[in-house]
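Below: one structure, written as structure tokens.
Chain identifiers are assigned alphabetically (A, B, ...) following the order of the sequence lines, protein sequences preceding nucleic acid strands; residue numbering begins at 1 within each chain. Remember, predicted model here, so these are calculated numbers, not experimental data.
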2 protein chains.
Amino acid sequence: MVVGLVNDSEKCRYSINMATRGSYAKGIAKRAEILDIALEVFGKEGYRGTSLRKVAHLCNLSLAGVMHYFDSKEDLLVQILRKRDLRDEVTGDDVKQQDKFLEILGRNGEEPGLVALYVTMAAAAVDPEHPAAAYFKERYEHILEIAEESYFQTRPTPSDEELSYFRIMTRSSLAMADGLQLQWLVDPSVDVAGTMAVFLEQIRTFMAMSAEQRNADQ
Amino acid sequence: MVVGLVNDSEKCRYSINMATRGSYAKGIAKRAEILDIALEVFGKEGYRGTSLRKVAHLCNLSLAGVMHYFDSKEDLLVQILRKRDLRDEVTGDDVKQQDKFLEILGRNGEEPGLVALYVTMAAAAVDPEHPAAAYFKERYEHILEIAEESYFQTRPTPSDEELSYFRIMTRSSLAMADGLQLQWLVDPSVDVAGTMAVFLEQIRTFMAMSAEQRNADQ
DNA sequence: GTCTATACTCAGATAGAC
DNA sequence: GTCTATCTGAGTATAGAC
């Protein structure tokens, strides 16, 4: 109708309070059911082709029924990712973590929709107000922390240089995994786990090598 | 109005013909202007907060006026990325390419919206029908090709193993660059170019090393 | 070829009844 | 806790003026 109004998009786009719903047993169960179904349908059809109304219908709920449990669509999407992380928790020592890591990467190959959702949410997280921003911040911090703990288990007293190098390599590994999956989305022939394994092997060689070099220098 | 219809989302979502518009000088100029303005506003505010109507208004055009030049919003978004690639074309030999590469990564640090757009389109490209799918396919192929050409300039007769290793490392480099930028979107303190430089240095060392090893084995 | 006006459909959000 | 009804704004499609 009116054409002039252009600059009113600065509204409160994302709610602040979060998930105080589901306090009763039934609500908790329904909430979990919605997440499960949403995870499946978004994973299969991608989040762009899927409306909340569709998800609601699959849950035998109305749109408002779904919205009762989540602050917004974006919030729901992020909760899906959180649920996946809970499923894919990485634990154990150095070597076991790497194996688990590669195993997860392999499994991701069966869920392109989820990977696409992950990537999309990462892009959305540029906006610090977006619920994905907090999620990714926590996620990266958590992973870096877990990795460092396992590192200290096998090398209790690393030099500053060694520790710094390890941190850079952890970040690099994460980055490469994300990037390879991004390429894989476009071209499914890209071997995510395989390429990743080459890199991890290279890191091991390099860390051993620099240790030798240090010994040789003495 | 009607509630029942849920499964009619399988319509023709993306047009097929492309950009036969702009045949006249004026049209060509306007098309370029739209892209420039869209690049700026999407780059600054991100594509999620920006509607085509807003872009149109900034171009002193109606929404339909913009749509005259592009098949869809998604098409426009991809054209923005194509335009950026034209600006950032990588040329020259081995070393110069790496410098240029790092330089571009540095410049991307000033355009988070564009990086976010890139990542979002990558996610959208899971759908082979989406205009971004063709874009990324071409982009990756082109970059891999350029890199390989420069590799042959300095090493005209590599062994199969060397060439294969080089290809994997090129892909890995691309992946890491994408992944680091993804992390940087979430946490701007991540040093994309710096971390990337460490990896590139590591590759150089590794390639030199394996050459020595081969010589030692003989 | 360039562009406007208008109408259409669908999305997510919200208010209030039950 | 869930629904119906309604709102706003998005992208899209078409007819036709210049």
Roughly how many Å is it from [atom1] in [X] to [atom2] in [N], rounded to a whole number?
X	N	atom1	atom2	result
Phe70(B)	dT12(D)	CZ	C1'	16 Å
Ile28(B)	dG1(C)	CD1	C1'	12 Å
His68(B)	dA15(D)	NE2	P	17 Å
Asp75(A)	dG12(C)	CG	P	14 Å
Lys73(B)	dG9(D)	NZ	P	15 Å
Arg48(B)	dG12(C)	CZ	P	11 Å
Ile34(A)	dG1(D)	CD1	P	11 Å
Glu74(A)	dG12(C)	CD	P	9 Å

A correct dot-bracket answer for DNA chain C, with pairs being Watson-Crick or G-U at under 3.5 Å, [ ] for crossing pairs and | for inter-strand pairs, is ||||||||||||||||||
Salt bridge check, [Y] against [X]: does any charged N sit closer than 4.0 Å to a carboxylate O?
X	Y	answer
Glu45(B)	Lys54(B)	yes
Arg48(B)	Asp127(A)	no
Glu103(A)	Lys100(A)	no

So which nucleotide from dT2(D), dT12(D), dA10(D) ends up closest to the side chain of Met67(B)?
dT12(D)
Selection from dT2(D), dT2(C), dG12(C) that lies nearest to any side-chain heavy atom of Leu52(A)
dG12(C)
Please work out whether the ring planes of Phe42(B) and Tyr47(B) are parallel, tilted or perpendicular, with thresholds of 30° and 60°.
tilted
Just the table, please: protein N/O against nucleotides 3-6 of chain D N/O, every pair under 3.5 Å.
{"from": "dC3(D)", "atom 1": "OP2", "to": "Ser62(A)", "atom 2": "N", "distance (Å)": "3.0"}
{"from": "dC3(D)", "atom 1": "OP2", "to": "Ser62(A)", "atom 2": "OG", "distance (Å)": "3.1"}

Could you tell me which non-hydrogen atom of Glu148(A) sits nearest to which non-hydrogen atom of Phe166(A), and how far apart they are?
CA-CE2, 3.9 Å
Using a distance-only test with no angle check, is there a side-chain donor-acceptor pair under 3.5 angstrom linking Tyr118(B) and Asn108(B)?
no
Identify which one of Arg87(A), Lys83(A), Arg84(A) satisfies the salt bridge (Lys or Arg N to Asp or Glu O under 4.0 Å) criterion when paired with Asp36(A).
Lys83(A)
With rounding to the nearest 0.5 Å, note down the distance linking CZ in Arg167(A) to OG1 in Thr195(B).
13.5 Å
Glu40(B) atom CD, neighbour heavy-atom count above 12 within 6.0 Å:
no
Under 4.0 Å from OP1 or OP2 of dG1(D): is there any side-chain N or O of Tyr69(A) that close?
no
